[in-house]
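Notes follow the structure.
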Amino acid sequence: GQQVMQIPQYQHVQEGEDFTTYCNSSTTLSNIQWYKQRPGGHPVFLIQLVKSGEVKKQKRLTFQFGEAKKNSSLHITATQTTDVGTYFCAGSLYNDYKLSFGAGTTVTVRA
Amino acid sequence: DSGVTQTPKHLITATGQRVTLRCSPRSGDLSVYWYQQSLDQGLQFLIQYYNGEERAKGNILERFSAQQFPDLHSELNLSSLELGDSALYFCASSVVDGSTDTQYFGPGTRLTVL
(Lines give C-alpha, C1' and ligand atoms only; values in the text may rest on other atoms or scores of the structure.)
Protein backbone atom coordinates (compact mmCIF):
# COMPACT_ATOMS: atom_id res chain seq x y z
CA GLY A 1 0.00 0.00 0.00
CA GLN A 2 0.89 3.63 -0.19
CA GLN A 3 3.50 4.74 2.30
CA VAL A 4 4.59 8.17 3.27
CA MET A 5 8.07 8.30 4.74
CA GLN A 6 9.30 11.08 6.98
CA ILE A 7 12.83 11.96 7.98
CA PRO A 8 14.37 12.53 10.39
CA GLN A 9 12.44 10.72 13.10
CA TYR A 10 13.95 12.97 15.75
CA GLN A 11 15.29 16.48 15.47
CA HIS A 12 17.12 18.13 18.35
CA VAL A 13 17.50 21.82 17.68
CA GLN A 14 19.24 24.66 19.45
CA GLU A 15 16.86 27.51 20.07
CA GLY A 16 17.26 30.08 17.32
CA GLU A 17 18.49 27.62 14.71
CA ASP A 18 16.69 26.47 11.60
CA PHE A 19 15.74 22.93 10.64
CA THR A 20 13.91 21.04 7.94
CA THR A 21 11.86 17.87 8.00
CA TYR A 22 11.15 15.90 4.85
CA CYS A 23 8.29 13.79 3.62
CA ASN A 24 8.56 11.37 0.70
CA SER A 25 6.18 9.15 -1.19
CA SER A 26 6.88 6.52 -3.81
CA THR A 27 3.73 7.53 -5.68
CA THR A 28 2.32 10.84 -6.86
CA LEU A 29 0.10 12.46 -4.29
CA SER A 30 -3.02 14.47 -4.90
CA ASN A 31 -2.29 16.64 -1.91
CA ILE A 32 -0.25 16.71 1.24
CA GLN A 33 -1.20 17.98 4.66
CA TRP A 34 0.92 18.81 7.67
CA TYR A 35 -0.17 18.39 11.27
CA LYS A 36 1.49 19.21 14.58
CA GLN A 37 1.02 17.25 17.77
CA ARG A 38 2.24 18.85 20.98
CA PRO A 39 3.39 16.51 23.76
CA GLY A 40 0.30 15.03 25.38
CA GLY A 41 -1.95 16.60 22.79
CA HIS A 42 -3.72 15.69 19.60
CA PRO A 43 -2.74 16.39 15.99
CA VAL A 44 -3.69 19.84 14.79
CA PHE A 45 -3.93 20.75 11.13
CA LEU A 46 -1.29 23.21 9.95
CA ILE A 47 -1.59 23.45 6.19
CA GLN A 48 -2.49 21.72 2.94
CA LEU A 49 -0.55 21.79 -0.32
CA VAL A 50 -2.21 20.80 -3.56
CA LYS A 51 -0.29 22.25 -6.51
CA SER A 52 2.99 21.05 -7.92
CA GLY A 53 5.85 23.20 -6.59
CA GLU A 54 3.56 25.01 -4.20
CA VAL A 55 5.16 26.97 -1.37
CA LYS A 56 3.23 28.31 1.59
CA LYS A 57 4.43 30.22 4.62
CA GLN A 58 3.06 30.57 8.10
CA LYS A 59 5.24 32.99 10.03
CA ARG A 60 8.48 31.06 10.64
CA LEU A 61 7.20 27.89 8.94
CA THR A 62 7.69 27.29 5.21
CA PHE A 63 5.98 24.36 3.53
CA GLN A 64 6.86 23.11 0.08
CA PHE A 65 5.34 20.53 -2.26
CA GLY A 66 7.72 19.02 -4.80
CA GLU A 67 7.38 19.48 -8.53
CA ALA A 68 6.60 15.80 -8.99
CA LYS A 69 4.16 15.87 -6.05
CA LYS A 70 6.04 13.01 -4.40
CA ASN A 71 7.76 14.93 -1.66
CA SER A 72 7.26 17.79 0.71
CA SER A 73 9.24 19.67 3.28
CA LEU A 74 8.66 21.80 6.34
CA HIS A 75 11.33 24.35 7.18
CA ILE A 76 11.26 26.19 10.49
CA THR A 77 13.46 29.22 10.99
CA ALA A 78 14.65 30.62 14.31
CA THR A 79 13.26 27.69 16.28
CA GLN A 80 11.47 28.55 19.50
CA THR A 81 10.45 26.40 22.46
CA THR A 82 6.87 26.65 21.23
CA ASP A 83 7.91 24.60 18.19
CA VAL A 84 8.35 21.49 20.35
CA GLY A 85 6.19 18.60 19.23
CA THR A 86 5.78 16.02 16.52
CA TYR A 87 5.17 17.13 12.96
CA PHE A 88 3.31 14.75 10.71
CA CYS A 89 2.87 14.90 7.00
CA ALA A 90 -0.09 13.10 5.48
CA GLY A 91 -0.67 12.40 1.84
CA SER A 92 -3.35 10.85 -0.29
CA LEU A 93 -3.56 9.43 -3.75
CA TYR A 94 -5.94 10.70 -6.38
CA ASN A 95 -9.45 9.27 -5.93
CA ASP A 96 -8.50 7.89 -2.55
CA TYR A 97 -10.43 8.90 0.51
CA LYS A 98 -7.85 8.22 3.11
CA LEU A 99 -4.77 10.04 4.25
CA SER A 100 -1.58 8.14 4.93
CA PHE A 101 0.37 9.67 7.77
CA GLY A 102 4.11 9.61 8.00
CA ALA A 103 5.72 8.44 11.23
CA GLY A 104 6.39 12.03 12.23
CA THR A 105 9.41 14.10 13.18
CA THR A 106 9.65 14.74 16.91
CA VAL A 107 11.29 18.07 17.61
CA THR A 108 12.97 19.01 20.87
CA VAL A 109 14.50 22.41 21.48
CA ARG A 110 17.55 23.23 23.60
CA ALA A 111 17.30 26.61 25.21
CA ASP B 1 -10.57 22.85 21.26
CA SER B 2 -11.25 21.16 17.92
CA GLY B 3 -14.94 20.58 18.59
CA VAL B 4 -14.49 16.81 18.41
CA THR B 5 -15.23 15.02 21.66
CA GLN B 6 -14.11 11.57 22.70
CA THR B 7 -15.05 9.50 25.71
CA PRO B 8 -13.71 8.12 27.86
CA LYS B 9 -10.41 9.94 28.21
CA HIS B 10 -8.71 6.98 29.84
CA LEU B 11 -9.62 3.31 29.89
CA ILE B 12 -7.88 0.52 31.76
CA THR B 13 -8.97 -3.03 31.18
CA ALA B 14 -7.73 -6.58 31.10
CA THR B 15 -6.76 -8.88 28.27
CA GLY B 16 -9.67 -10.64 26.65
CA GLN B 17 -12.12 -7.88 27.47
CA ARG B 18 -14.18 -5.72 25.15
CA VAL B 19 -14.41 -1.93 25.20
CA THR B 20 -16.26 0.76 23.30
CA LEU B 21 -14.80 4.14 22.48
CA ARG B 22 -17.11 6.96 21.57
CA CYS B 23 -16.64 9.97 19.32
CA SER B 24 -18.81 12.96 18.54
CA PRO B 25 -17.71 14.88 15.47
CA ARG B 26 -17.74 18.64 15.03
CA SER B 27 -21.14 20.06 14.35
CA GLY B 28 -21.86 19.72 10.64
CA ASP B 29 -19.06 17.25 9.90
CA LEU B 30 -20.23 14.12 8.12
CA SER B 31 -17.04 12.06 8.15
CA VAL B 32 -15.46 10.34 11.11
CA TYR B 33 -12.03 8.72 11.09
CA TRP B 34 -10.43 6.46 13.66
CA TYR B 35 -6.67 6.25 14.22
CA GLN B 36 -4.46 4.25 16.52
CA GLN B 37 -1.25 5.76 17.90
CA SER B 38 1.04 3.44 19.80
CA LEU B 39 4.00 4.63 21.84
CA ASP B 40 6.51 6.38 19.60
CA GLN B 41 4.48 5.42 16.56
CA GLY B 42 2.76 7.47 13.97
CA LEU B 43 -0.91 7.55 13.29
CA GLN B 44 -2.29 4.32 11.92
CA PHE B 45 -5.52 4.81 10.03
CA LEU B 46 -8.17 2.32 11.06
CA ILE B 47 -11.43 3.21 9.38
CA GLN B 48 -13.54 6.05 8.03
CA TYR B 49 -17.29 6.56 7.99
CA TYR B 50 -19.18 9.10 5.97
CA ASN B 51 -22.78 9.90 6.79
CA GLY B 52 -23.34 6.52 8.36
CA GLU B 53 -21.58 4.39 5.76
CA GLU B 54 -18.14 2.87 5.80
CA ARG B 55 -15.98 4.80 3.35
CA ALA B 56 -12.44 3.54 3.73
CA LYS B 57 -10.68 0.86 5.67
CA GLY B 58 -7.11 0.80 6.85
CA ASN B 59 -5.18 -1.63 9.00
CA ILE B 60 -8.08 -2.47 11.25
CA LEU B 61 -7.98 -5.83 12.97
CA GLU B 62 -10.92 -8.21 12.67
CA ARG B 63 -11.33 -7.92 16.44
CA PHE B 64 -12.12 -4.24 15.97
CA SER B 65 -15.29 -2.83 14.50
CA ALA B 66 -16.85 0.57 14.20
CA GLN B 67 -20.08 2.21 13.23
CA GLN B 68 -21.51 5.65 12.72
CA PHE B 69 -25.00 6.35 13.95
CA PRO B 70 -27.73 8.53 12.43
CA ASP B 71 -26.80 11.40 14.73
CA LEU B 72 -23.28 11.05 13.24
CA HIS B 73 -21.52 10.03 16.41
CA SER B 74 -19.30 7.01 16.06
CA GLU B 75 -18.19 4.12 18.21
CA LEU B 76 -15.12 1.96 17.92
CA ASN B 77 -15.48 -1.48 19.46
CA LEU B 78 -12.36 -3.38 20.46
CA SER B 79 -12.79 -6.99 21.53
CA SER B 80 -10.62 -9.85 22.76
CA LEU B 81 -8.15 -7.23 23.84
CA GLU B 82 -4.46 -7.98 23.83
CA LEU B 83 -1.57 -6.19 25.52
CA GLY B 84 -0.50 -4.82 22.15
CA ASP B 85 -3.79 -2.99 21.77
CA SER B 86 -2.67 -0.51 24.41
CA ALA B 87 -2.48 2.79 22.57
CA LEU B 88 -3.97 6.20 22.10
CA TYR B 89 -7.04 6.09 19.90
CA PHE B 90 -7.95 9.26 18.08
CA CYS B 91 -11.11 10.15 16.33
CA ALA B 92 -11.12 12.88 13.70
CA SER B 93 -13.88 14.46 11.70
CA SER B 94 -14.16 16.42 8.48
CA VAL B 95 -16.89 18.19 6.62
CA VAL B 96 -17.25 15.73 3.77
CA ASP B 97 -15.30 12.68 2.66
CA GLY B 98 -12.58 13.88 0.38
CA SER B 99 -8.92 13.37 1.04
CA THR B 100 -8.39 17.10 0.72
CA ASP B 101 -10.54 17.79 3.74
CA THR B 102 -8.92 19.08 6.88
CA GLN B 103 -9.30 16.56 9.65
CA TYR B 104 -10.06 17.81 13.14
CA PHE B 105 -8.82 15.50 15.84
CA GLY B 106 -10.38 14.83 19.19
CA PRO B 107 -8.35 14.64 22.41
CA GLY B 108 -8.06 10.86 22.17
CA THR B 109 -8.81 7.91 24.41
CA ARG B 110 -5.84 6.28 26.09
CA LEU B 111 -6.42 2.55 26.35
CA THR B 112 -4.30 0.47 28.69
CA VAL B 113 -4.66 -3.30 28.54
CA LEU B 114 -3.21 -5.12 31.53
Side-chain angles (χ1 to χ4, degrees), chain A residues 1-10 21 23-25 27-51 54 56 58 63 65 69 72 85-108, chain B residues 1-7 9-10 21 23 25-26 29-51 53-60 66 68 87-110:
Chain A
Q2 177 207 352
Q3 284 210 0
V4 174
M5 310 300 292
Q6 247 184 292
I7 54 170
Q9 186 176 1
Y10 298 99
T21 175
C23 184
N24 297 294
S25 168
T27 53
T28 303
L29 301 171
S30 69
N31 73 93
I32 200 149
Q33 299 182 18
W34 286 88
Y35 290 78
K36 177 183 178 181
Q37 184 177 17
R38 294 182 185 276
H42 58 273
V44 175
F45 173 80
L46 292 177
I47 210 157
Q48 178 178 247
L49 304 169
V50 179
K51 299 176 184 176
E54 189 170 14
K56 288 188 177 180
Q58 286 181 351
F63 304 83
F65 203 7
K69 300 183 75 174
S72 181
T86 300
Y87 294 83
F88 293 100
C89 64
S92 64
L93 302 176
Y94 289 93
N95 302 317
D96 192 345
Y97 293 108
K98 59 182 185 291
L99 284 176
S100 291
F101 280 79
T105 293
T106 298
V107 176
T108 55
Chain B
D1 183 9
S2 66
V4 178
T5 60
Q6 287 186 251
T7 57
K9 193 171 183 179
H10 300 279
L21 313 183
C23 168
R26 292 188 323 153
D29 284 1
L30 298 178
S31 271
V32 169
Y33 310 78
W34 285 98
Y35 292 89
Q36 180 192 57
Q37 186 175 44
S38 302
L39 192 64
D40 292 334
Q41 295 294 313
L43 290 157
Q44 299 297 318
F45 169 73
L46 296 178
I47 199 164
Q48 178 200 357
Y49 279 83
Y50 171 71
N51 204 19
E53 294 187 1
E54 183 183 304
R55 180 67 81 182
K57 219 168 186 176
N59 299 321
I60 188 167
Q68 186 179 28
L88 198 51
Y89 291 84
F90 286 107
C91 164
S93 72
S94 67
V95 175
V96 285
D97 64 349
S99 63
T100 56
D101 292 340
T102 298
Q103 294 188 20
Y104 297 88
F105 283 78
T109 292
R110 183 168 296 281

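Each chain gets a letter, A, B and so on, in the order the sequences are listed, and its residues count up from 1.
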Grab the two heavy atoms, one from A/G41 and one from B/F90, that are nearest each other, plus how far apart they are.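 Looking at all heavy atoms of both residues, the closest pair is O-CZ, 3.8 Å.
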Provide the closest heavy-atom pair for A/L99 versus B/Q103 in the form atom of the first, atom of the second, distance.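 Between these two residues, the closest heavy atoms are CD1-NE2, 3.4 Å.
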Contacts of B/Q37 that satisfy side-chain hydrogen bond (donor to acceptor under 3.5 Å, both in side chains) - sequence neighbours left out: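 B/Q37 satisfies side-chain hydrogen bond (donor to acceptor under 3.5 Å, both in side chains) with A/Q37 only.
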Identify, with sequence neighbours excluded, every residue that meets side-chain hydrogen bond (donor to acceptor under 3.5 Å, both in side chains) alongside B/T5.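 In terms of side-chain hydrogen bond (donor to acceptor under 3.5 Å, both in side chains), with neighbours along the sequence ignored, B/T5 is linked to no residue.
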Going from OH on A/Y35 to CZ on B/F105, what distance comes out if it is rounded to the nearest 0.5 angstrom?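 With rounding to 0.5 Å, OH (A/Y35) is 5.5 Å from CZ (B/F105).
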If you measure from NE2 on A/H42 to CG on B/L43, what distance do you get to the nearest 0.5 Å?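 Rounded to the nearest 0.5 Å, the NE2-CG separation comes out at 11.5 Å.
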Are there more than 12 heavy atoms of other residues, nucleotides or ligands under 6.0 Å from atom CG of B/N51?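 Yes, because the 6.0 Å sphere around CG of B/N51 holds more than 12 heavy atoms from other groups.
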If you count the non-hydrogen atoms of other residues, nucleotides and ligands that lie under 6.0 Å from CZ in B/R110, is the total more than 12?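 12 or below, so no.
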Side chain, backbone, both or neither of B/Y104 within contact of chain A (heavy atoms, under 4.5 Å):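 Answer is neither: B/Y104 stays 4.5 Å or more from chain A.
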